[in-house]
Amino acid sequence: MGIPIHTYDAVVVGAGLAGLAAARELKKQGKNVVVLTKLHPLRSHSGAAQGGINAALAEGDSVDLHMFDTIKGSDYLADQDAVEFLCSTAPDAVRWAEQMGAVFSRTEEGKIAQRPFGGQSHPRACFAKDRTGLTLLQTIFEQANRLDVEFKDEWYVSDIIYDEENGRVKGVVAYDIKTSEPAIFNAKAVMFATGGYGRAYKINSNAHANTGDALSIVARHGLPLEDMEFVQFHPTGLAGTGILMSEAARGEGGKLLNSKGERFMEKYAPDKMELAPRDLVSRSITLEILEGRGVGPNKDAVYLDLTHLGKEKIMERLPELRDLALTFLGLDMIKEPIMIAATAHYSMGGIPVTIDGKVKKSPSETVTGFYAAGECSCVSVHGANRLGANSVLEALLFGRHVGLSMVNDLEELELHPVEESDADTAIKEIETIIKNNGMERVPEIRSELQSTMTENAGVFRTEESLKKQKEILKELHARYKNIRIDDKSKVYNTDLQEAIELGHMLDYASFIVEGALARKESRGAHYRNDYPKRDDKKFLKHTYAYMGKRGGIKLEYADVVLGRFEPQERTY
């Protein structure tokens, strides 16, 4: 029996905000589009975004201020042309979401309410209580459904069909999770919108499905990944779990306290305090713990105190955060401080793309018919560190923009035929995993990957720790070839899926470590204890990393797009 080949104008992989917004625009313009997603769209990780979406809407705020805050927050590694596009288009993106039906919280005057977020000079995070991401996700999904966008959920995309000689993508190979049966989706254009790679770390805020598959798939075809060493650790994950306590908690006035009852951010960011950028607050929290001023049974957390806000404000602005703390810690933030610690949260690096979402095969060339948007991509609006509420903006805004970009390009793009043999690599991977009868277990390797990445390539890094992690990853790669899964069936084989995902996680973890080892400076979320200063002379540049045929990683660098805002010392 042959492998079915389905034909479309466009295939969108991933159904979070970026994927949904793109698919909606493609369908609205009459294009034949399908969305392939591992899980139901409303379970996409975009729904976990709590705090808000940035836009310069209020009196006294401006696009220029939003740009400056974003570029300064990025430690000057963001591309300023991309940041200008993001910030100048942000008000329209928020109004578009509102016109689509998104219900934002309101001021007494009836305007969209905005709260302060870290590293920002003006309250500009538009919010829907503390469930902004879910509100937007439900809204755009509903609008995509109204247009009859075709969704295939519980489909796992395991490869792209890439014609390296002509530099173009002709479709994807995927398999139905329900039956493990493969299929080819042939298309003029393919878009990846698959989310980030925070699950490489033990304590993380990412959904179980966020395994960074797209990054490894791209890298295995010799295409580059950009700035992978920049991984954001959110300051306030629930102690022991990493489940996110939104920056909204600090935006509404939450205080961080150590075991001595000190409001310790006075030492690290006297002006911005708890609303300093995330990289600075995460390091401050981690340092307090490392120096013995932590709280809790294991002294591995600090307190986030919201009791002074009062019950009414907490229930109006932060009801879901209160429920999370009650459920997972048994602590009621109305009556007592809750325990938090830094958690791996967001990926600044990813698949390099132009402002129009075209995937790059080098700093100066693009792949025909291949696009990416959202957290899996790197258009570099975040540089070395992302400001809170810019990620929801990026996903929604660039998802929509790249969808429209694809609409225009589809007038010129051709459908190139594919063959059943284009699925051979993906099928072989599945067969190898099922037939393998080794001694290693997927959960054990994954657990070791996550714990060692946290220890050696986490909030603080050194040459010694990164070299150690590089050797560990080599060993884990070798052990991965010797895995065995118990479930050999074809129906909902989650053992198989997790084994494939682990292979991807091991791949991109090597990119994180290699980029971090080569970057002998501290910038944004990348902090080297042995190189604590930023070095603009040598490292004001983007990392482009390529997987070699035999597994090694080759690095090259590309210029940062500078503009009006000259790099300066970053103080808060």
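- Side-chain atoms of S205 and H345 include a donor-acceptor pair closer than 3.5 Å.
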Pair F460-L290, side-chain contact (heavy atoms from CB on, under 4.5 Å): steps then yes or no:
CA-CA 11 Å; F460 294 106; L290 291 173; 4.1 Å; yes
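- Looking at R278 and E247, a side-chain N of the basic residue comes within less than 4.0 Å of a carboxylate O on the acidic one, giving a salt bridge.
- H382 and Y346 have perpendicular rings, their planes meeting at more than 60° on a 0 to 90° scale where under 30° would count as parallel.
- Taken from CD1 in I71 to OH in Y76, the straight-line distance is 8.0 Å, to the nearest 0.5 Å.
- Salt bridge status for D75 with R523: absent, with no side-chain N to carboxylate O gap under 4.0 Å.
- Side-chain contact between L387 and D69 is present, with heavy atoms from C-beta onward closer than 4.5 Å.
- The side-chain heavy atoms of V379 and D79, taken from C-beta on, include no pair separated by under 4.5 Å.
- For the atom pair CZ (F511) and CG (L473), the distance works out to 12.0 Å, reported to the nearest 0.5 Å.
- In this structure, the side chains of F264 and L256 come closer than 4.5 Å at one or more pairs of heavy atoms.
- With S522 contributing its side chain and Y527 its backbone, the two residues share no donor-acceptor pair below 3.5 Å.
- To the nearest 0.5 angstrom, I53 atom CD1 is 8.0 Å from L397 atom CG.
- Between S380 and E226, the side chains place no donor N or O within less than 3.5 Å of an acceptor N or O (distance only, hydrogens not considered).
- Looking at N385, its side chain never comes within 3.5 Å of a backbone N or O of A525 through a donor-acceptor pair.
- Of the residues K111, R95, H122, the one that meets the side chain to side chain contact (heavy atoms under 4.5 Å, CB included) test with L57 is R95.
- When the shell of 6.0 Å around NZ of K311 is examined, it contains 12 or fewer heavy atoms from other residues, nucleotides or ligands.
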Worked verdict on L136 versus S46 for side-chain contact (heavy atoms from CB on, under 4.5 Å):
CA-CA 9 Å; L136 292 170; S46 294; over 6 Å; no
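- When each of R519, R461, E229 is checked for a side-chain hydrogen bond (donor to acceptor under 3.5 Å, both in side chains) with H526, only R461 meets the rule.
- A side-chain N or O of D213 and one of T211 form a donor-acceptor pair less than 3.5 Å apart.
- Salt bridge status for R106 with E98: present, with a side-chain N to carboxylate O gap under 4.0 Å.
- No side-chain donor-acceptor contact under 3.5 Å links S105 to the backbone of A113.
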Take S284 and M265 through the test side-chain contact (heavy atoms from CB on, under 4.5 Å) and record every step on the way to the result.
CA-CA 7 Å; S284 304; M265 284 309 300; 3.6 Å; yes
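- Side-chain contact check for T107 and E109: at least one donor-acceptor pair (N or O, by modelled atom type) lies under 3.5 Å.
- In terms of modelled atom types and a separation under 3.5 Å, the side chain of T454 and the main chain of Y201 share no donor-acceptor contact.
- Salt-bridge annotation for R534 and E569: absent, with no side-chain N of the basic residue lying under 4.0 Å from a carboxylate O of the acidic one.
- Q80 places a side-chain heavy atom less than 4.5 Å from the side chain of F565.
- With hydrogens and angles left out, the side-chain atoms of H542 and D227 include a donor and acceptor closer than 3.5 Å.
- Side chain of K272 to main chain of Q120: a donor-acceptor pair is present (N/O by atom type, distance under 3.5 Å, no hydrogens or angles).
- From L77, atom CG reaches atom OG1 of T543 across 8.0 Å, with rounding to the nearest 0.5 Å.
- Considering only heavy atoms from C-beta on, D536 comes within 4.5 Å of P567 through its side chain.
- Looking at E316 and K313, no side-chain N of the basic residue comes within less than 4.0 Å of a carboxylate O on the acidic one, giving no salt bridge.
- For the 3.5 Å distance criterion, the side chains of R24 and Q143 fail to qualify, holding no donor opposite an acceptor.
- Between K533 and D535 there is no salt bridge, since none of the side-chain N atoms of the basic residue sits less than 4.0 Å from a carboxylate O of the acidic one.
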Show the atom names and distances, to 0.1 Å, of all donor-acceptor pairs under 3.5 Å that link a side chain in residues 238-245 to residues at least two apart or in another chain.
from, atom 1, to, atom 2, distance (Å)
T241, OG1, L238, O, 3.2
T241, OG1, I243, N, 3.1

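- Distance alone, capped at 3.5 Å, is enough to place a donor-acceptor pair between the K38 side chain and the A209 backbone.
- Rounding to the nearest 0.5 Å gives a distance of 11.5 Å between CG of L331 and CZ of R322.
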Salt bridge (charged side-chain N to carboxylate O under 4.0 Å, His left out) between R570 and D279, worked out:
CA-CA 12 Å; R570 186 166 163 256; D279 59 328; 2.9 Å; yes
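- The pair E288-K260 fails the salt-bridge criterion, with no side-chain N (NZ, NE, NH1 or NH2) lying under 4.0 Å from an Asp/Glu carboxylate O.
- Checking side-chain atoms of T307 against main-chain N and O of E336 turns up no donor-acceptor pair under 3.5 Å.
- The distance from the OG atom of S451 to the CG atom of L449 is 8.0 Å, given to the nearest 0.5 Å.
- No donor-acceptor pair closer than 3.5 Å links the side chain of R124 to the backbone N or O of A58.
- With contacts defined as side-chain heavy-atom distances shorter than 4.5 Å, the pair R250/L275 qualifies.
- Checked options R386, Q232, E375; the residue passing with S347 is E375 (criterion: side-chain hydrogen bond (donor to acceptor under 3.5 Å, both in side chains)).
- Ion pairing between E252 and R115 holds under the 4.0 Å rule for side-chain N and carboxylate O.
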Could you go through T37 and V13, starting from their C-alpha distance and side-chain angles, then the distance that decides it, and tell me whether this counts as side-chain contact (heavy atoms from CB on, under 4.5 Å)?
CA-CA 6 Å; T37 168; V13 183; over 6 Å; no
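- By the 4.5 Å heavy-atom criterion applied to side chains, L562 and L540 are counted as neighbours.
- Using a 4.0 Å cut-off between a side-chain N of Lys or Arg and a carboxylate O of Asp or Glu, D153 and R43 do not qualify as a salt bridge.
- Ionic pairing of R199 and E501 is not present here: no N-O contact between side-chain nitrogen and carboxylate oxygen is shorter than 4.0 angstrom.
- Between the side chain of N206 and the backbone N or O of G198 there is at least one donor-acceptor pair closer than 3.5 Å.
- Remark: side-chain polar atoms of T135 are not paired, donor with acceptor, to backbone N or O of A128 under 3.5 angstrom.
- Between L42 and L137, the closest side-chain pair of non-hydrogen atoms falls below 4.5 Å.
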